[in-house]
Q: 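First the structure, then my questions, so here it is.
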Amino acid sequence: MENIRPVSDLRNHFSEISRQVNEGNTPVFLTKNGYGNMVVLSMETYRKMQYDTYVYLALREAEKEAAQTKERLSDEEFRSYAQKLLADLGDSDV
């Protein structure tokens with residue numbers, strides 16, 4: 001169930017809201033004049049959402065690239081290719 005509270009609760013009940021978002025890893029939705037205004041998340045939940053979004057977008061991009069070519073690498077070929085790329089990065093002054 002969504003936790004919806006008036007924005008004034010952020011000032012009046014900050015410690016309770018902080019505990020809810022950090023212990024429950026669930027957002028608290030804040031309203032102003034009866035309308036949605038903002039969402040409060042724990043840093044852990046926010047970072048996880050950022051990571052999940054990054055992974056999703058990377059996979060989507062990989063699917064687009066795969067659809068444009070018939071070339072496929074075996075597991076062994078990919079590992080060799082990835083190891084070479086990593087070795088080349090280690091040699092550069094990045």
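When reading the values below, keep in mind they use all heavy atoms of this one structure, side chains included, and skip hydrogens, waters and symmetry mates.
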Q: For Met38 versus Leu10, what's the shortest heavy-atom pair and its separation?
A: SD-CD2, 4.5 Å
Q: Could you list the cluster mates of Tyr81? Members are the ILVMFWY residues connected by side-chain heavy atoms closer than 4.5 Å, either directly or through other members.
A: Leu85
Q: Please confirm whether the backbone N or O of Arg60 pairs with a side-chain atom of Glu63, one donor and one acceptor, at under 3.5 Å?
A: no
Q: Looking at Asn22 and Ser42, what are the two nearest heavy atoms and their distance?
A: OD1-CB, 3.3 Å
Q: Got a salt bridge between Glu16 and Arg5, using NZ or NE/NH1/NH2 to carboxylate O under 4.0 Å?
A: yes
Q: Please round to the nearest 0.5 Å and tell me the distance separating atom CG of Asn37 and atom CG of Leu30.
A: 7.5 Å
Q: CZ of Phe14 to CZ of Arg19: how many Å apart, nearest 0.5 Å?
A: 12.5 Å
Q: Consider only side-chain heavy atoms of I, L, V, M, F, W and Y, link residues closer than 4.5 Å, and tell whether Tyr51 and Leu59 are in one cluster.
A: yes
Q: Tell me the closest heavy-atom pair linking Val28 and Val21, and the distance in Å.
A: CG2-CG1, 3.5 Å
Q: More than 12 foreign heavy atoms under 6.0 Å from CZ of Arg47: is that the case here?
A: no
Q: Is the count of non-hydrogen atoms from other residues, nucleotides or ligands lying under 6.0 Å from Arg72 atom CZ greater than 12?
A: yes
Q: When rounded to the nearest 0.5 angstrom, what distance separates CD in Glu77 from CZ in Arg79?
A: 12.5 Å
Q: For the CG atom on Asn33, are there more than 12 heavy atoms of other groups (residues, nucleotides or ligands in this structure) within a distance under 6.0 Å?
A: no
Q: With heavy-atom distances below 4.5 Å as the criterion, would you say the side chains of Leu73 and Glu76 are in contact?
A: no
Q: Hey, does Asp88 have a side-chain heavy atom less than 4.5 Å from the side chain of Lys84?
A: yes
Q: Look at the side chain of Thr31 and the backbone N and O of Gly34, then say whether any donor-acceptor pair between them is shorter than 3.5 Å.
A: no
Q: Apply side chain to side chain donor-acceptor pair (under 3.5 Å) to residues Ser15 and Ser18 and explain how you reach the verdict.
A: CA-CA 5 Å; Ser15 60; Ser18 177; over 6 Å; no
Q: What's the separation between atom OG in Ser8 and atom NE2 in His13, rounded to the nearest 0.5 Å?
A: 7.5 Å
Q: When clusters are formed from ILVMFWY side-chain contacts under 4.5 Å, directly or step by step, what else is grouped with Leu41?
A: Ile4, Phe29, Val39, Tyr46, Met49
